[in-house]
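For reference, the structure is listed below as structure tokens.
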Amino acid sequence: MVIVSRFEKNDKICPCLALSQYLEATQNLRKSVEELFISIREPHGAVTPQTLGRWIKATLSKCNIDVNVFSGYSTRHASTSLANVKGVSIDTIKNTAGWTKQSQTFAKFYNLPIMDDKRSFAHAILNS
């Protein structure tokens with residue numbers, strides 16, 4: 001199960017509204033496909049992880065983020081690390097990311113320092 005919260009301060013970047021509009025726009029293309037992301041080309045089946053990676057990379061590039069430095073995985077690194085910096089508990093981060101309480105994944109790979117450079121990934125995302 002995925003919980004998507006509404007961002008009432010700005011409908012233009014509200015993930016809940018965007019998801020709702022996406023599902024409405026793709027409703028007639030889906031037929032029996034239950035996966036969230038579907039191909040823009042016929043037969044509109046579920047997309048592969050590689051396709052999702054390309055889409056993320058293209059979006060990062062459009063946000064003027066250096067895709068030679070940052071990848072789709074960087075979004076998870078940046079969001080979990082920033083959540084920790086902002087005071088979100090480790091247990092909440094682990095639970096939200098689908099990690100067990102005993103998991104050391106966050107400590108080993110995700111709890112990384114946020115770059116201070118003004119062109120850093122986190123800065124670019126937060127100011128886009």
Only counting residues at least two apart or in another chain, list the ones meeting side-chain contact (heavy atoms from CB on, under 4.5 Å) with [X].
X     : answer
Thr92 : Val88, Ser89, Thr96
Ser32 : none
Asn68 : Asp66

Contacts table for residues 52-59: side-chain donor-acceptor under 3.5 angstrom, sequence neighbours left out:
{"residue": "Arg54", "atom": "NH2", "partner": "Thr51", "partner atom": "OG1", "Å": "3.0"}
{"residue": "Thr59", "atom": "OG1", "partner": "Trp55", "partner atom": "O", "Å": "3.0"}

Exercise for the section: Taking the side chain as every heavy atom from C-beta outward, state whether Leu23 and Gln27 have any pair of such atoms under 4.5 Å apart. Expected result: no
Handout entry: Residue list, side-chain hydrogen bond (donor to acceptor under 3.5 Å, both in side chains) with Gln50, at least two apart or on another chain
Key = Thr48
Would you tabulate the side-chain donor-acceptor contacts of residues 36-47 under 3.5 Å, counting partners in other chains and residues two or more places apart, or write 'none'?
{"residue": "Ser39", "atom": "OG", "partner": "Arg41", "partner atom": "N", "Å": "3.0"}
{"residue": "Ser39", "atom": "OG", "partner": "Arg41", "partner atom": "O", "Å": "3.1"}
{"residue": "His44", "atom": "ND1", "partner": "Ser39", "partner atom": "O", "Å": "3.0"}
{"residue": "His44", "atom": "ND1", "partner": "Arg41", "partner atom": "O", "Å": "3.4"}

Exercise for the section: Of all the heavy-atom pairs spanning Ser5 and Pro15, show the shortest one and how long it is. Expected result: O-CG, 3.5 Å
Handout entry: Minimal non-hydrogen separation, Cys14 against Phe7, with atom names
Key = SG-N, 3.3 Å
Exercise for the section: Scan for salt bridge (charged side-chain N to carboxylate O under 4.0 Å, His left out) pairs involving residues 23-36, sequence neighbours excluded, and state none if there are none. Expected result: none
Fill in the blank from the handout: Sequence neighbours excluded, the answer for salt bridge (Lys or Arg N to Asp or Glu O under 4.0 Å) partners of Arg6 is Asp11
Exercise for the section: Would you kindly confirm whether Leu17 and Leu19 end up in one hydrophobic cluster when ILVMFWY residues are joined by side chain heavy atoms under 4.5 Å apart? Expected result: no
